[in-house]
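Just so it is clear: chains get the letters A, B, ... in the order the sequence lines come, proteins before strands, and each one is counted from 1. Note that the coordinates shown come from a computational prediction; the quantities given were computed from them, not determined experimentally.
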Protein chains: 2
Amino acid sequence: MSPETNQARHDRDSVARSALALLDEVGLADLSMRRIAARLDVQPSALYWHFTSKQELLAELADRITASIPRGSDGVLATARGIRDALFTHRDGAELVLSTYALQLGSSHAQSVLTAALEAHGAPDAADRGAAILHFVLGHATLVQQRMHADSHGALPTAGEIDVTAGLDRVFDLGVTALAGVLSAPATPPRARA
Amino acid sequence: MSPETNQARHDRDSVARSALALLDEVGLADLSMRRIAARLDVQPSALYWHFTSKQELLAELADRITASIPRGSDGVLATARGIRDALFTHRDGAELVLSTYALQLGSSHAQSVLTAALEAHGAPDAADRGAAILHFVLGHATLVQQRMHADSHGALPTAGEIDVTAGLDRVFDLGVTALAGVLSAPATPPRARA
DNA sequence: ACCTGAACACCGTTCAAGT
DNA sequence: ACCTGAACACCGTTCAAGT
């Protein structure tokens, strides 16, 4: 009985996976190194063998979230939805990716997927439009996700029976198609050019 | 010599102003209740006479930042720039307003100024476009502001001599004009309708 | 009306030392 | 290679008590 007696012995991957699971349970604000350590039955200082700082751990989590973004979706809108949905996969995922991206840590996978989709569509300023769409998606998703969670637990001024999330999908689609350029706008079919 | 002997005696306004000044010096991450209290020569617990929580204080700061957004600028792009510049007026202003707005605390002054500008321009979906532009501006400004400050202090992977801020103004203008609708696009002058 | 003093339950990080 | 134990310098918040 030497293999799984009860000693833990973790590595980078097991720490990150445990942290990601804890993120879903308690949210980013309560995701502390001490809580992660407790979940692994380990002293807080043990985490610093695997990650040099909390920031590095968070960057790893952000990378795992963006890594699940599907490449080569059909069209810019579908790609943008893929990014948004990846952010929504984990609690506070948008906020986490936004702040990590701002500090220029973590990969730029989302950015590259977006510009690829734009180039495939023949957009003129693929790089600039890709950046703009990414900024919009991150801002939008951060706002919506925080609001969604605040709604589910009643901790805000409830304005009657109105669902605050209603209409936000419409705003998202409008935003992405507008930023992508006239080519992929759904309401106005592209007029054949001479 | 009774008026200004040395006793402090503060109110809501003096606390908020001191906190805003400290924000510019140390940034949002290091803006603690204890630091604000120290700056006012007061015990940390004294702050809770004026604000029920740190979150309420931060919401007040966010309101003061957005209150400086000018109403009735000429055009949607100018209005959006006014919002961005107001966020840039204080260190981490964009991040602060974004997170406060997400929690649905603080005023929606920025939102209303934007939709007003859009309606004045005769945009069809003024409310939706206003929301989309606000999400874009908040996401964009948060990203840019964090990157700007990381640049000025050398704490990131410097990719040669390239200025990271270069081209971001272009992305901002492109994003806002695209989201506002074809009417106010600068590169393509509005073709006279029949 | 506004503040002190003391406490409670937490943080991230470092570092010698253990196995 | 991976972890413990103990410490350091912090947090936000509460609450009785002072003036």
Side-chain angles (χ1 to χ4, degrees), chain A residues 1-20 22-23 25-62 92 95-96 99-100 103 105-106 150 155, chain B residues 1-20 22-23 25-62 92 95-96 99-100 103 105-106 150 155:
Chain A
M1 50 189 69
S2 66
E4 46 231 304
T5 332
N6 72 353
Q7 227 87 331
R9 241 87 253 238
H10 302 287
D11 56 3
R12 243 180 166 261
D13 180 67
S14 66
V15 171
R17 283 177 42 195
S18 208
L20 209 46
L22 186 58
L23 174 66
E25 292 172 17
V26 303
L28 188 57
D30 290 330
L31 186 72
S32 68
M33 296 298 266
R34 297 176 114 101
R35 287 242 226 177
I36 298 166
R39 188 176 231 270
L40 291 164
D41 275 309
V42 131
Q43 295 297 315
S45 52
L47 301 180
Y48 292 85
W49 176 262
H50 305 286
F51 294 92
T52 61
S53 67
K54 185 184 184 183
Q55 191 58 249
E56 201 196 67
L57 211 194
L58 293 180
E60 171 68 28
L61 301 189
D92 295 330
E95 189 187 347
L96 174 57
S99 55
T100 301
L103 297 173
L105 307 169
Chain B
M1 54 188 67
S2 66
E4 47 232 305
T5 333
N6 72 355
Q7 226 87 332
R9 240 86 254 239
H10 302 289
D11 55 4
R12 241 179 167 264
D13 180 67
S14 64
V15 171
R17 284 177 41 196
S18 208
L20 209 45
L22 187 57
L23 174 66
E25 292 173 17
V26 303
L28 188 56
D30 290 330
L31 186 72
S32 68
M33 296 297 266
R34 297 177 113 101
R35 287 242 226 175
I36 298 166
R39 187 178 234 270
L40 292 163
D41 275 309
V42 133
Q43 295 297 314
S45 51
L47 301 180
Y48 291 85
W49 176 262
H50 306 286
F51 295 92
T52 61
S53 67
K54 186 184 183 182
Q55 191 57 252
E56 200 196 68
L57 212 192
L58 293 180
E60 171 68 28
L61 301 189
D92 294 330
E95 188 187 347
L96 174 56
S99 55
T100 301
L103 297 173
L105 307 168

task: With heavy atoms under 4.0 Å as the rule, sort Arg35(A) into base, sugar-phosphate or nothing.
output: sugar-phosphate
field: Distance between C1' atoms of dA16(D) and dC3(C) (Å, rounded)
entry: 13 Å
- request: When you get a sec, tell me which of dA6(C), dT13(C), dC2(D) is the closest nucleotide to the side chain of Arg34(A)?
  value: dT13(C)
- request: For Leu40(A) and dC3(D), give me the distance from atom CG to atom P, rounded to whole Å.
  value: 9 Å
message: Taking pairing as Watson-Crick or G-U wobble with both contacts under 3.5 Å, can you name the mate of dC2(C), or confirm there isn't one?
response: dG18(D)
message: If I take atom OH in residue Tyr48(A) and atom C1' in nucleotide dA7(D), what distance separates them, rounded to the nearest angstrom?
response: 14 Å
message: When the C1' atoms of dA17(D) and dC2(C) are compared, how many Å lie between them, rounded to an integer?
response: 13 Å
Within-4.5 Å side-chain heavy-atom neighbours: Leu96(A) and Leu31(A): no
message: Between Arg12(A) and Glu56(A), does any NZ, NE, NH1 or NH2 come within less than 4.0 Å of an OD or OE carboxylate oxygen?
response: yes
query: His50(A) has a side chain; which of dT13(D), dT4(D), dC2(D) sits nearest to it?
result: dC2(D)
statement: Side-chain contact check for Arg9(B): nearest option of dT4(D), dC3(C), dT13(C) is dC3(C)
- request: Nearest whole angstrom, please: distance from the P of dC3(C) to the CE of Met33(B).
  value: 13 Å
Closest to the Ser32(B) side chain, choosing from dC11(D), dG12(C), dT13(C): dC11(D)
task: Please report, rounded to the nearest Å, how far the C1' atom of dC3(D) is from the CG atom of Asp11(A).
output: 14 Å
task: Give a yes or no on whether a salt bridge exists between Glu25(A) and Arg39(A), defined as a side-chain N under 4.0 angstrom from a carboxylate O.
output: yes
- line: By nearest-heavy-atom nucleotide on DNA chain C, the more 5' of Leu31(A) and Ala46(A) is Leu31(A)
- prompt: With both distances kept under 3.5 Å, what pairs with dG12(C), Watson-Crick or G-U wobble?
  reply: dC8(D)
query: Can you check the Asp30(A) CG to dG12(C) C1' distance for me, whole Å?
result: 15 Å
message: Distance check needed: dC15(D) C1' versus Gln43(B) CD, whole Å only.
response: 14 Å
query: Between Tyr48(B) and Ser53(B), what is the shortest heavy-atom contact and its length?
result: CE2-CA, 4.1 Å
query: CZ/Arg35(A) to CG/Leu40(A) distance, rounded to the nearest 0.5 angstrom?
result: 14.0 Å
query: Looking only at atom C1', what distance separates dC11(C) and dA7(D), rounded to whole Å?
result: 14 Å
- prompt: Taking atom CG of Leu58(A) and atom CG of Leu105(A), what is their separation to the nearest 0.5 Å?
  reply: 9.5 Å
task: Would you kindly give the NZ-to-C1' distance between Lys54(A) and dC11(C), to the nearest whole Å?
output: 8 Å
- request: May I ask you to say what Ser45(B) touches in the nucleic acid, namely base, sugar-phosphate or nothing, with a heavy-atom cut-off under 4.0 Å?
  value: base
message: Using the side-chain heavy atoms of His10(B), tell me which of these nucleotides is nearest: dC2(D), dT4(C), dC3(C).
response: dC3(C)
- line: Trp49(A) CH2 to dA16(C) C1', in whole Å, measures 14 Å
